[in-house]
Amino acid sequence: SHNACTAAGTGAHMHGPQHTQPLTLSSCRPYAGRCTRRLVLILLCAQWGLEGWVPPTAWWLPDVLLPLDFMSLGLAWFLAALGVFVRDVAQVSGVIATVLMFLAPVFYPITALPEQYRDWVYLNPLTVAIEQSRAVLFANVAPDAAVLAPYYAVSLLTMWLGYAWFQKSRRGFADVL
C-alpha cells in the first residue's frame with residue numbers, strides 16, 4: 001500500500017483515491033513566519049529610509065504583527081473550507097478585504113478620527129496591528145499590552161475556530177468535489 005508521498009518519491013502510479021498529507025498547524029507555521037519576517041523587514045527598511053534610524057522599540061514589531069498572522073490563518077482555513085461548499089466566497093472575500101483595507105487607519109492615525117468613531121474602527125482586525133506598528137516604529141513607544149493582549153486572544157481564538165471548522169468540514173469535501 002502506497003501513500004501519495006511514497007508514490008511520488010518512487011514514481012509509482014496510484015489507482016483509486018489519492019491521499020495527501022493532512023493539514024496541520026505545524027505545516028502552516030513556516031508560511032506564517034516567512035510572511036511576518038518579510039513584512040517586518042519591509043517596515044524596518046521604510047523606517048530607515050524615512051528617518052535614517054530604527055528605534056529600539058522596533059524589536060517589538062514581530063510581536064505586534066504575529067496576531068495578524070494567527071487571525072489571517074484562521075480566516076484562511078475557514079474561508080477555504082467554506083469555499084468548497086459555497087463557490088462565491090472568493091468574490092465576496094475580495095470585496096470584504098478591500099473594504100477592510102480602506103477602513104483601516106493606514107494613512108491617518110486613529111486619533112485623527114472623532115472619538116465616537118474610534119471604537120468602530122477598532123473592530124477592523126487590521127487596526128490594532130497598524131496602530132501598534134506605528135507606535136513601535138515611529139513613536140519609539142512599546143506596544144500597549146492592554147490593547148495587544150485581547151488582540152492576541154481574539155486572534156488565537158479565530159485561528160483555533162478556523163482550524164476546527166476546516167477539520168470538521170473536510171469530511172464533506174469529497175462529496176462536494
> Parallel, tilted or perpendicular: which describes the rings of F173 and F85, with under 30° parallel and over 60° perpendicular?
Replying inline: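 Ring orientation, 0 to 90° scale: tilted.
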> Considering residues at least two apart in sequence or located in another chain, which fulfil the ring pair (Phe, Tyr, Trp, His ring centres under 6.0 Å) criterion with W60?
Replying inline: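 Ring pair (Phe, Tyr, Trp, His ring centres under 6.0 Å) check on W60 returns nothing, list empty.
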> What pair of heavy atoms forms the shortest contact from P67 to V64, and how long is it?
Replying inline: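 It is CD-O, 3.3 Å.
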>> How close do V136 and A142 get, counting heavy atoms only, and between which atoms?
In response: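 Heavy-atom minimum between the residues: CG1-C, 4.2 Å.
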> How long is the span from the CG atom in D175 to the CZ atom in R171, to the nearest 0.5 Å?
Replying inline: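 Answer for the CG-CZ pair, D175 versus R171, is 12.0 Å.
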> Roughly how far apart are I96 CD1 and L79 CG, rounded to 0.5 Å?
Replying inline: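 So the gap between those two atoms works out to 8.0 Å.
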N/O donor-acceptor pairs under 3.5 Å from side chains in residues 123-132, not counting sequence neighbours:
unit_1: N124; atom_1: OD1; unit_2: L126; atom_2: N; d: 3.0
unit_1: N124; atom_1: ND2; unit_2: L100; atom_2: O; d: 2.8
unit_1: T127; atom_1: OG1; unit_2: V121; atom_2: O; d: 2.7
unit_1: T127; atom_1: OG1; unit_2: N124; atom_2: O; d: 3.4
unit_1: E131; atom_1: OE2; unit_2: I110; atom_2: N; d: 3.2
unit_1: E131; atom_1: OE2; unit_2: R134; atom_2: NH1; d: 2.5
unit_1: Q132; atom_1: OE1; unit_2: D144; atom_2: N; d: 2.8

Same cluster (ILVMFWY, side-chain, under 4.5 Å), [X] and [Y]:
| X | Y | result |
| --- | --- | --- |
| W53 | W59 | no |
| V106 | L68 | yes |
| V154 | W120 | no |
| M71 | V92 | yes |
| F107 | L137 | yes |

>> Between L66 and Y152, is the side-chain contact (heavy atoms from CB on, under 4.5 Å) condition met? List the steps.
In response: CA-CA 8 Å; L66 190 60; Y152 261 95; 3.7 Å; yes
>> Working note: Y108 + L113, criterion side-chain contact (heavy atoms from CB on, under 4.5 Å); need CA distance, chi angles, decisive distance, verdict.
In response: CA-CA 9 Å; Y108 57 90; L113 291 174; 4.0 Å; yes
> Hydrophobic clusters join Ile, Leu, Val, Met, Phe, Trp and Tyr when side-chain heavy atoms are under 4.5 Å apart, directly or via other members; which others share one with L161?
Replying inline: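 Members besides L161, by chain and number: L157, W160.
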>> Using a 3.5 Å distance criterion without hydrogens, assess whether the side chain of S93 forms a donor-acceptor pair with backbone atoms of A90.
In response: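 Yes; judged by distance alone, with no hydrogens or angles, the pair exists.
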> Should T57 and V141 be marked as a side-chain contact (heavy atoms from CB on, under 4.5 Å) after you check the CA-CA gap, both sets of side-chain angles, and the distance that decides it?
Replying inline: CA-CA 6 Å; T57 55; V141 175; 5.8 Å; no
>> Is it the case that the ring center of Y122 lies less than 6.0 angstrom away from the ring center of Y151?
In response: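 When the ring centroids of Y151 and Y122 are compared, they turn out to be at least 6.0 Å apart.
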> Hey, mind stepping through Y163 and M159 against side-chain contact (heavy atoms from CB on, under 4.5 Å) and telling me if it holds?
Replying inline: CA-CA 6 Å; Y163 180 73; M159 184 177 70; 5.6 Å; no
